[in-house]
Amino acid sequence: MLTLNLLRENPELVIERLKIKNFDAKKHVEQIIELDINRRELQFESDALLAEMNQLSKEIGILFKEGKQQEANTVKNKTVEIKERIKELSSKSDEVNNKLNEILVQLPNMPSVMVPMGRTPEDNVVVRKGGEMPALGNKVMPHWDLASKYNIIDFELGNKLTGSGFPVYKGKGARLQRALINFFLDQNIAAGYQEFLPPYMVNEDSAYGTGQLPDKEGQMYHATLDNFYLIPTAEVPVTNIFRDVILNDSDFPVKCTAYTPCFRREAGSYGKDVRGLNRLHQFDKVEIVQIQKPENSYQALEEMVNHVESLIKKLELPYRILKLCGGDMSFTSALTYDFEVYSAAQQRWLEVSSVSNFESFQSNRLKLRYKDKSGKKTILAHTLNGSSLALPRIVAALLENNQTNDGILMPQSIVPYTGFSILD
RNA sequence: GGAGAGAUGUCCGAGUGGUCGAAGGAGCACGCCUGGAAAGUGUGUAAGCUUCAAAAGGGCUUCAUGGGUUCGAAUCCCAUUCUCUCCGCCA
C-alpha cells in the first residue's frame, strides 16, 4: 500500500510512474486526495467536540464531588447534543476511511526509476547470462519421462492421494528434494541469513499483511473451519514476523531464510506449460527475506541477486537474469529480477526465482518501522524477498540437462547432500 | 473437547466509575558523582492522527479485539481472540 503522505505530497509522480506499470492512476489519486481532505475535516471537527466533551465530563465530576447536583445536571444536558453530533461524525468518518482504504489498496506499488517500460514478458531486459548450454544428442527426454524412467517422481500416485499437481517423490527423487533444500538453506545461512521454520498456515491478518488478501483470495487454499490459509510462499509467514514491529537502528540488517512447502490453487491452464514439474499445487521452496533501511535497500537487492546467482552457478545450470518490465511486474514490487534456467528437453527457460524490492509498500500495510538513530522518528522499513530457490523447475532442469545414457549426473556441489553423484 | 483463572506501557506490576496515558519497580538513554567502574543520584523513556503550531508545545485516539451502558470506562455489561491451570485426548 502506498503511503498517504506520498500521494498527498507528490500525486503527479505517482501517476507518472504507475504508467510504467500500464496503470492509469489519475482517477484513483484524485479520489484519494479528496477523501483525505474530507477525512481530515471530519477528524478536526470531531476532535474539537471530543475535547469539549472531555472538558464537560471533568466539570461534572467536580460538581458532583462538591455536591452541586443541580448544576451538574445542567451541564449534563449540554452534552446530549454534542454526543449526537460526535456519533454522526464518527460514522461519516468511518465511511470515508473505508472508502479511502478501498481505493488505496487498488493502487499498485510505484516502480523504481530503473524499471524498463514494457507490456509483456518479451519486454523484459536480460541483464546477465551464465552457465553452459548442455550439448545433448537428439534423444533427449523431458523430465516427466525421465521421472518415470528412473522411478523418482510419481504424478499418478499424487493424483490418487490428492489430485493433480501434487506429485509424490520417491527414492532418489525424494532424496534429491531433501538434498536441495538443505543445500540451499546451508548456503543462505553461510551468507548471513537466519533460518526460520514457520507455520504453513496463517491467519487472515497475516494474509492481509503481505497482500494476499483481500483481492488474491482465490490463489490460496483456505481451511474454512478455522479460517486459516495455506501459505503460497514462505514470504507470508516470514514477513509477517515483522508485522506491527518497530525495529531499532542496530537491528539491521535483518536477513531471514526459510524452507516451506508452498500451496497454490492457481487458475487451471492445461498443456505443455504445466506438464510435469512446471506448475504444481504443492511445491518446495527456500525463501530469503531482508528488511532494510530505505537507503540500503537497493544495495541489498543487488546482494540478493548475486547470492541467488551463486546458487545457480553451483548447480551448473545455464541461466539468465531478467529485469522485469513494468507490465510484467507484480502488483507489490518496485523492482524485480527474475531468474530463469534453461531446460534442455523442453527447450525453454523456466523461472526459478524472483527477487524483488518492495520498498515501503508492504511495510506500510504491515506497520513495519524502525526508529532512527536519534530515536525520535519512526520510519517505514523496506522489505525485499526472493526465492533461493524454488525446487521443481530446478529439478526439471537438472534432470533434462544432465541426462546421460548411464543416468543423471549430479552437480558436485550437492553430492555431499544427495549421497550419490549419479541418479540411476 | 470440559471446568476455572486471566490479558494493563520494553518488562514486572498497582489500579473496580471521575482530573489515569495510567502509581511503584526493573530495564534503557543522557547527566551528576568516580582516577575508572559498581553503588548512589537527577532527568527522560509508547504509537497513530492532527486545515492548532515555524518550533517548543497543544488537541484527539489507543490499558487483547469489537460492540454496549454512562455526562464520564483500564475499571461495569455482551461477544470474540489469545494465555495459563486442572481434566480428557494425543505424535
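Here is how names work: the chains are called A, B, and so on, in the same order as the sequence lines, proteins then strands, and each is numbered from 1. Since this is a predicted model, take the numbers as computed values, not measurements.
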| query | For Gln362(A) and Glu235(A), what are the C-alpha separation, side-chain angles and deciding distance, and is it a side chain to side chain donor-acceptor pair (under 3.5 Å)? | reply | CA-CA 11 Å; Gln362(A) 280 186 328; Glu235(A) 170 197 342; 2.8 Å; yes
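Here, C28(B) and C84(B) have their P atoms 28 Å apart, quoted to the whole Å. Taking atom P on both C49(B) and A56(B), the two are 16 Å apart, rounded to the nearest angstrom. On the P atoms, A37(B) is 11 Å away from C32(B), given to the nearest whole Å. To the nearest whole angstrom, the two C1' atoms, one in U85(B) and one in A74(B), are 25 Å apart. Atom P of C60(B) sits at a distance of 23 Å from the matching atom of G24(B), rounded to the whole Å. Rounded to whole Å, the P atom of A53(B) lies 34 Å from the corresponding atom of C71(B). A distance of about 41 Å separates the P atoms of G27(B) and U51(B), rounded to the whole Å. As rounded to the nearest Å, A46(B) and G42(B) have C1' atoms that lie 23 Å from one another.
The interatomic distance linking Leu247(A) (CG) with A46(B) (C1') rounds to 16 Å, in whole Å. C71(B) atom P lies 10 Å from atom CG of Asn73(A), rounded to whole Å. The distance between atom NZ of Lys58(A) and atom P of A73(B), rounded to the nearest whole Å, is 13 Å. Taking atom CD of Glu59(A) as the reference point, atom C1' of C71(B) lies 11 Å away to the nearest angstrom. Rounded to whole Å, atom C1' of U69(B) lies 13 Å from atom NZ of Lys76(A). Computed from coordinates, the Arg85(A) CZ to C60(B) C1' distance equals 16 Å when rounded to whole Å. Between Arg39(A) atom CZ and U50(B) atom C1' the separation is 9 Å, expressed in whole Å. The nearest whole Å value for the distance from the CD1 atom in Ile60(A) to the C1' atom in G72(B) is 7 Å.
Here G66(B) sits opposite C78(B) as a Watson-Crick or G-U wobble pair (both hydrogen-bonding atom distances under 3.5 Å). Pairing for A5(B) goes to U83(B), judged as Watson-Crick or G-U wobble with the two contacts each under 3.5 Å. C60(B) is paired with G48(B) under the criterion used here, namely a Watson-Crick or G-U wobble arrangement in which both key atom distances are under 3.5 Å. Nucleotide A91(B) forms no Watson-Crick or G-U wobble pair with any nucleotide shown, as no partner meets the under 3.5 Å limit on both distances. In this structure G42(B) sits in a base pair with C30(B), meeting the Watson-Crick or G-U test at under 3.5 Å. Remark: G36(B) base-pairs with no nucleotide in the shown strands. Criterion, Watson-Crick or G-U wobble with two distances under 3.5 Å. Base pairing of G72(B) is not made with any nucleotide, judged by Watson-Crick or G-U wobble geometry with both donor-acceptor distances under 3.5 Å. With both pairing distances under 3.5 Å, A22(B) is matched to nothing as a Watson-Crick or G-U wobble pair.
In this structure, a donor-acceptor pair under 3.5 Å is present between the side chains of His307(A) and Asn188(A). Under 3.5 Å, the side chains of Gln219(A) and Gln212(A) contain no donor-acceptor pair of N or O atoms.
OP1 or OP2 of G72(B) has not a single side-chain nitrogen or oxygen of Asn54(A) nearer than 4.0 Å. For the pair Thr378(A) and G48(B), the criterion of a side-chain N or O lying under 4.0 Å from OP1 or OP2 is met.
Comparing U19(B), C71(B), C52(B) by their closest approach to the side chain of Phe44(A) singles out C52(B). Each of C71(B), C60(B), A47(B) was ranked by its minimum atom distance to the side chain of Lys83(A); first place goes to C71(B). Residue Leu50(A) has its side chain nearest to U61(B) when only G18(B), G48(B), U61(B) are considered. When the nucleotides G59(B), U50(B), A47(B) are ranked by their closest atom to the side chain of Arg8(A), U50(B) comes out on top. Taking only side-chain atoms of Met53(A), from C-beta outward, the nucleotide of C71(B), C60(B), A47(B) with the closest atom is C71(B). Listed nucleotides U50(B), G18(B), A47(B) differ in distance to Gln43(A); the shortest reach to its side chain belongs to U50(B). If you check A47(B), U50(B), G59(B) against the side chain of Arg40(A), the one that comes closest is U50(B).
A donor-acceptor pair under 3.5 Å links the side-chain atoms of Asn22(A) to the main chain of Gly118(A), judged by distance alone. Under a 3.5 Å cut-off, the side chain of His281(A) and the backbone N or O of Arg264(A) do form a donor-acceptor pair.
Between Tyr221(A) and Phe166(A), the angle of the ring planes lies from 30° to 60°, which puts this pair in the tilted group.
Between Asn38(A) and Leu56(A), the residue anchored closer to the 5' end of RNA chain B is Asn38(A), taking for each the nucleotide with the nearest heavy atom. Between Ile246(A) and Ser57(A), the residue anchored nearer the 5' end of RNA chain B, judged by the nucleotide with its closest heavy atom, is Ser57(A).
Among the protein residues, Ile82(A) comes within range of no part of the nucleic acid, since none of its heavy atoms lies under 4.0 Å from any strand.
Under the 6.0 Å distance and 45° angle rule, Lys172(A) counts as a cation-pi partner of Phe420(A).
The number of heavy-atom neighbours closer than 6.0 Å to CD of Glu34(A), taken from other residues, nucleotides and ligands shown, is 12 or below.
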